[in-house]
Every structure is written in C-alpha cells, then in structure tokens.
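The residues of the chain are indexed from 1 along the displayed sequence.
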Amino acid sequence: MLRYTIRRLIQLVGVVLVLSLLLFAWLRVLPGGPVSALLGDRSTPEKAAELTKQLGLDQPIFVQYFKFLGRAATGDFGVSTGVQPGDSALDIFIQRFPATLELSFFAILIAIAVGVPLGYLAAKRRGSWFDNLSVVGSLIGVAVPVFFLAYVLKGVASSSLGLPSSGRQDAIDATRVTNFFTLDGIITGEWDATFNALEHLILPAIALATIPFAVIFRITRAAVLDVLDEDFVRTAESKGLTASVIRRRHVLRNAMLPVVTTIGLQTGALLSGAVLTERVFSFPGVGEALAIGFERRDYPVLLLLIIMAASVYVVVNLLVDLSYALIDPRIRTR
C-alpha cells in the first residue's frame, strides 16, 4: 500500500509538470493578454511594448516557462494583474481556497446525506411510486442548469426565507484563525459568526449539491439493485438474519465501491472551483477568481489555480483508491 501511494504521488508530480507546460502555452495564445487588460483604454504601442518587456512576455515561451518553474520552486508564482492586482497569486489561492473547500464540503455532505439513503430506499422499492418519483427527481437534478437553479434560489428562496444571497459572512467583527469561517467561530467561541457563515452557505451549497446528488443517487440505486440480486443476500435472508444486519453487512458494504468512486470524482470536481455557483452568489472562492482571471487575462492566478485544482483532483482520487482497502478487505491483498 505504501509503495502504491508513493508511486501515485510521483505520478502527481508528472501530471502537474505536463499540465503546467500545456497551460503556460495555451494561456499565451489566448487573444488579448495581461498587457491590454492592465493598460485598458490608455494603451499605446509604446506603453504596450514597455510593459511587455517589463513582464518578460517578449521572451521565448520556453524561457518564460523555465523561469516560472524556477520561481515556483521558491513559492513565487507571480503577481496578480487582474483578480487582485498587486497581490501574490499564492496569497490569493491561500485566501480563496478555504471558501471553496467549505462550500464544497457542505455541498457534497448534502448530496451524500440525501443521495445514498434515497438511492438505497429506491432500490429496495424497485418499481414503486417512490422509486419512479426519485428517478424523475434525479433526472431533474441533472437536467436543470446549476446557474438557473442558483438564480431561482437567490431570487425566490432568499426573499421568502430571508437567507443571505451573497458573500461568505456579514460585515461582523470576527476573529480569523484558519480562514474557514465556520470553523473559526467554533475555535474562538464566536458562535454568532459560525451561524452567520452557515446561513451564507445554505443557498450556494444546495445549488451546488444538485448534480452530485443526482449522480450519487443513481449510482447508489444501481449498485444496490445489483447486490440485492446476488446469492449471498438470499442466503443471508434464508438464515433469518435481521434486515438491519443484511443491509449493513451485506448490501451497503458491497455496494459502496462504485458509490465511493463517484463521491470522490464529484468531490474533486467541486474542489476544482464551482465557477457558476460562486459567481452567482458572489462567493469569494477559487471559482470566482477563475472567472475574473479569464475575463482579465490574469496569467499568474489562472496558472496557479488550475494547477492546484488538478492537483487536488488527483489527490482526492488517490484517497478514494486507498479507501477501497477499508471497504473491501480483499483489495488489500492485491
């Protein structure tokens, strides 16, 4: 297991290097650029040439790339030219990633808490009105665009329920320890700050959870249906085992492998930055920074955020693979 983990971590380094090179080249061929974004209407050929030389954009792309690698090895990923001009790209990531992690955690928590039990119950009641209604609901969850649902929640639910529709927290005097607003309030004992942050998470988390919920529900339902048809389940029933024992030891445990894989993939996707949801709710996370970065051609921020998003995705999938051994002991011997 240790050897497998080390091999996967080495693969992660290779993935990051290849991705960084491809991103570096791709961002440089996009129309516009940081020079035009910084100068705006004041741009003249002379000013543009001077700023291009100052930023090092007049050098060959491979020279720029290897200089970037050298700076990145020391923690210098460049300075933002659009998202938060003048701030370090690394500081922007450190500041915004906790917001995306917090939002993604609550979104995937909602998706799991609703999708797994609902998928199991739908499978147990295969062909019933409950099963059919649940399948239709999951199809709606996949079909409805996230941004549309986000605007509906922002306009309707926010006004009728009085829930906050933008930002991470009201302008209150709260102590910052980890930059996870809900956790900071618990650590410092400022429970009002924690509840306020939770209120700001409700609507964006529900909007973000719809697609993961639908996918997790359908995979859970299909996996449970497959397991229910297995001989060992009928054998357990014939032995007179209680329904709870059969459900816990035989059905759910054997159905969990594809469900865990799906949860891992969905979590990795959420942590990569929920661009649309964060944009609609003005949630200051990685997704919003990516949207602003693309608008303003902020190369340093875009490069770092996309690389970190890919790294998080690979690490999450590694954790999912390692969790297989806990769910199915047979995998430990392979």
Measure up the Phe93 and Phe97 rings against each other and bin them: parallel (under 30°), tilted (30 to 60°), perpendicular (over 60°).
parallel
The reported gap from OG1 in Thr277 to CG in Leu103 (rounded to nearest 0.5 angstrom) is 7.0 Å
Do Ile112 and Val142 sit in the same hydrophobic cluster, where Ile, Leu, Val, Met, Phe, Trp and Tyr count as joined when their side-chain heavy atoms come under 4.5 Å apart?
no
Kindly compute the distance separating CD1 (Ile92) from CG (Asp298), expressed to the nearest 0.5 Å.
6.5 Å
Any carboxylate oxygen within less than 4.0 angstrom of a Lys/Arg side-chain nitrogen, looking at Arg96 and Glu102?
no
Taking only residues two or more places apart in sequence or in another chain, which ones pass ring-ring contact (aromatic ring centres under 6.0 Å, His included) with Phe68?
Phe24
Roughly how far apart are Phe281 CZ and Ser166 OG, rounded to 0.5 Å?
9.5 Å
Under 6.0 Å from the CZ atom of Phe62, do we count more than 12 heavy atoms belonging to anything else shown?
no
If you draw the axis of the six-membered ring of Phe181, does the NZ or CZ of Arg176 fall within 45° of it and under 6.0 Å from the ring centre?
yes
Apply the hydrophobic cluster definition, ILVMFWY joined by side-chain contacts under 4.5 Å directly or through others, and give me every member besides Val18.
Leu22
Mind checking whether Ile306 and Val79 sit in one hydrophobic cluster, side chains of I, L, V, M, F, W, Y counted as touching below 4.5 Å?
no
Under a 4.0 Å N-O cut-off, is there an ion pair linking Asp131 with Lys124?
no
Given 3.5 Å as the limit, does a donor-acceptor pair link the side chain of Gln266 with the main chain of Ile108, or not?
no
Please answer: with hydrophobic residues joined when any side-chain heavy atoms are less than 4.5 Å apart, are Val227 and Phe217 in the same cluster?
yes
Taking everything shown except Tyr151 itself, do over 12 heavy atoms lie less than 6.0 Å from its OH?
no
Please confirm whether the backbone N or O of Tyr120 pairs with a side-chain atom of Thr220, one donor and one acceptor, at under 3.5 Å?
no
Side-chain heavy atoms nearer than 4.5 Å, only ILVMFWY residues, links allowed to pass through others: does that put Val16 and Leu23 together?
yes
Rounded to the nearest 0.5 Å, what separation is found between the CE atom of Met308 and the CG atom of Leu305?
9.0 Å
When hydrophobic residues are tied together by side-chain contacts of less than 4.5 Å, even through go-betweens, does Ile172 share a cluster with Leu201?
no
